[in-house]
Amino acid sequence: MIEILILFIIHKREKTIYSIRKEIIEIFGTFTKPSIGTIYPALKRLQKDGAISVYEKMSEGGKKSSYFSITSKGYTVFKKLFFDDASENPSLFYTHLQARLGTIGLLNKEERIEFVNETLKKLDIYEFELQNKLNDEFLDLDYFQKQLLNKNLTEIYSLREYIQNLKVDHAG
């Protein structure tokens, strides 16, 4: 997920690691606040994959700074990461979904439509699983567990509505 965010952040212009972190937090801070210790290894992986380039520049004060920019291969890597199968863990799925929704603008119309359709299918599966748990007479859920499952269902309904509107409003 962090690689997707990094590539999105640097797609307009080169940035230092600190400005990458700052912008990720400014834009995506409601669901992630990565540390430099998380971003640095991701930058190294992206560099190894040829998705980014780096050059060093000396400031007027004599401090050396590394600047990262996306390469033409970086857009291919972005799309591969974007469409990699989402986690089977629902909590990770929701976090990764937010990262994807926040960076979907780098995709073309057909790719956005594909993403929306696949995501809606995944939400249908999660809804089905939650409904089955709630309706399972042999599963001894207490009041609080049922409320939590109902909260998760409400979130799925909300996400589905948002994504369906996204398809209509932004796929063209």
Side-chain angles (χ1 to χ4, degrees), residues 1-120 122-123 126 151-152 155-156 158-163 165-167 169-172:
M1 176 190 72
I2 190 66
E3 288 90 348
I4 290 171
L5 298 178
I6 290 169
L7 291 170
F8 179 80
I9 293 299
I10 64 173
H11 87 276
K12 290 183 181 170
R13 69 180 187 92
E14 62 195 23
K15 297 190 184 302
T16 65
I17 190 170
Y18 298 103
S19 60
I20 291 169
R21 179 178 186 272
K22 181 178 185 270
E23 197 164 332
I24 288 173
I25 292 171
E26 286 174 356
I27 297 172
F28 304 106
T30 57
F31 66 89
T32 188
K33 293 182 180 167
S35 67
I36 294 296
T38 299
I39 295 171
Y40 183 76
L43 287 168
K44 288 296 182 191
R45 287 189 298 273
L46 289 169
Q47 188 177 6
K48 182 180 173 199
D49 291 343
I52 63 171
S53 62
V54 62
Y55 77 91
E56 294 182 347
K57 179 178 167 182
M58 295 295 271
S59 71
E60 289 183 21
K63 183 179 178 207
K64 184 168 54 169
S65 294
S66 297
Y67 287 84
F68 300 90
S69 59
I70 192 167
T71 63
S72 57
K73 184 179 179 188
Y75 290 98
T76 303
V77 170
F78 173 84
K79 289 176 185 183
K80 180 188 178 307
L81 292 169
F82 192 96
F83 283 104
D84 267 356
D85 212 14
S87 174
E88 291 298 315
N89 180 331
S91 64
L92 290 177
F93 170 77
Y94 294 131
T95 301
H96 291 185
L97 178 58
Q98 289 184 66
R100 286 175 171 91
L101 289 170
T103 60
I104 196 170
L106 286 182
L107 302 179
N108 65 37
K109 177 181 177 179
E110 292 78 22
E111 292 164 337
R112 290 191 303 251
I113 290 170
E114 177 187 348
F115 169 73
V116 165
N117 290 334
E118 291 301 314
T119 301
L120 290 171
K122 189 73 163 180
L123 289 173
Y126 286 145
K151 175 194 168 294
N152 288 331
E155 288 176 5
I156 286 175
S158 176
L159 271 172
R160 182 182 292 120
E161 181 180 352
Y162 172 77
I163 291 169
N165 289 336
L166 182 70
K167 180 178 180 182
D169 297 338
H170 299 289

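Only a predicted model underlies this, so the values are computations on that prediction, with no experimental measurement involved. Residue numbers start at 1 and run along the sequence shown.
- Looking only at side-chain heavy atoms (C-beta outward), Y126 and N152 stay at 4.5 Å or farther from each other.
- Applying the 6.0 Å contact sphere to CD of E26 captures more than 12 heavy atoms from other residues, nucleotides or ligands.
- Nearest approach of G50 to K73, heavy atoms of both residues: O-CB, 3.6 Å.
- Taken from CG in L5 to CD1 in I20, the straight-line distance is 11.0 Å, to the nearest 0.5 Å.
- Using a 3.5 Å distance cut-off with no hydrogens or angles, the side chains of E155 and Y94 do not pair a donor with an acceptor.
- At a threshold of 4.5 Å between non-hydrogen side-chain atoms, the residues R21 and Y18 do not count as touching.
- Contact annotation: the side chain of T103 approaches that of F78 to within less than 4.5 Å [non-hydrogen atoms, C-beta and beyond].
- Annotation: the span from T32 atom OG1 to Q98 atom CD amounts to 10.0 Å, rounded to 0.5 Å.
- A salt bridge links D84 to K80: at least one charged side-chain nitrogen sits closer than 4.0 Å to a carboxylate oxygen.
- The CG atom of L43 lies 7.0 Å from the CD1 atom of I10; values are rounded to the nearest 0.5 Å.
- Considering only heavy atoms from C-beta on, L123 comes within 4.5 Å of F93 through its side chain.
- A distance of 5.5 Å separates CD1 in I17 from CZ in F68, rounded to the nearest 0.5 Å.
- The closest side-chain heavy-atom distance from I104 to R100 is not below 4.5 Å.
- Residues L97 and F115 form a side-chain contact, since some pair of their non-hydrogen atoms from C-beta on lies under 4.5 Å apart.
- L107 places a side-chain heavy atom less than 4.5 Å from the side chain of F83.
- In this model, no donor atom of one side chain and acceptor atom of the other lie less than 3.5 Å apart for T71 and S53.
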Derivation of the side-chain contact (heavy atoms from CB on, under 4.5 Å) call for I9 and F28
CA-CA 10 Å; I9 293 299; F28 304 106; 4.1 Å; yes
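- Ring geometry, F8 versus H11: the interplanar angle falls from 30° to 60°, so the pair is classed tilted.
- The closest side-chain heavy-atom distance from I2 to I24 is below 4.5 Å.
- Here the OG-CD distance, from S65 to E56, works out to 9.0 Å after rounding to the nearest 0.5 Å.
- Note that the CD1 atom of I156 and the NZ atom of K151 stand 10.5 Å from one another [nearest 0.5 Å].
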Checking side-chain contact (heavy atoms from CB on, under 4.5 Å) for the pair Y162/L101: CA distance, chi angles, key distance, verdict?
CA-CA 10 Å; Y162 172 77; L101 289 170; 3.8 Å; yes
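- Considering E114, E3, E111 in turn, E111 is the only one that fulfils the salt bridge (Lys or Arg N to Asp or Glu O under 4.0 Å) rule with K79.
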I'd like to know whether E118 forms a salt bridge (Lys or Arg N to Asp or Glu O under 4.0 Å) with K122, so could you lay out the CA-CA distance, the side-chain angles of the two residues, the decisive distance to 0.1 Å, and finally the verdict.
CA-CA 6 Å; E118 291 301 314; K122 189 73 163 180; over 6 Å; no
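- Residues I6 and A42 approach most closely at CD1-CB, 3.7 Å, considering heavy atoms.
- Taking each heavy atom of R112 and G105 in turn, the nearest pair found is NH1-O, 4.4 Å.
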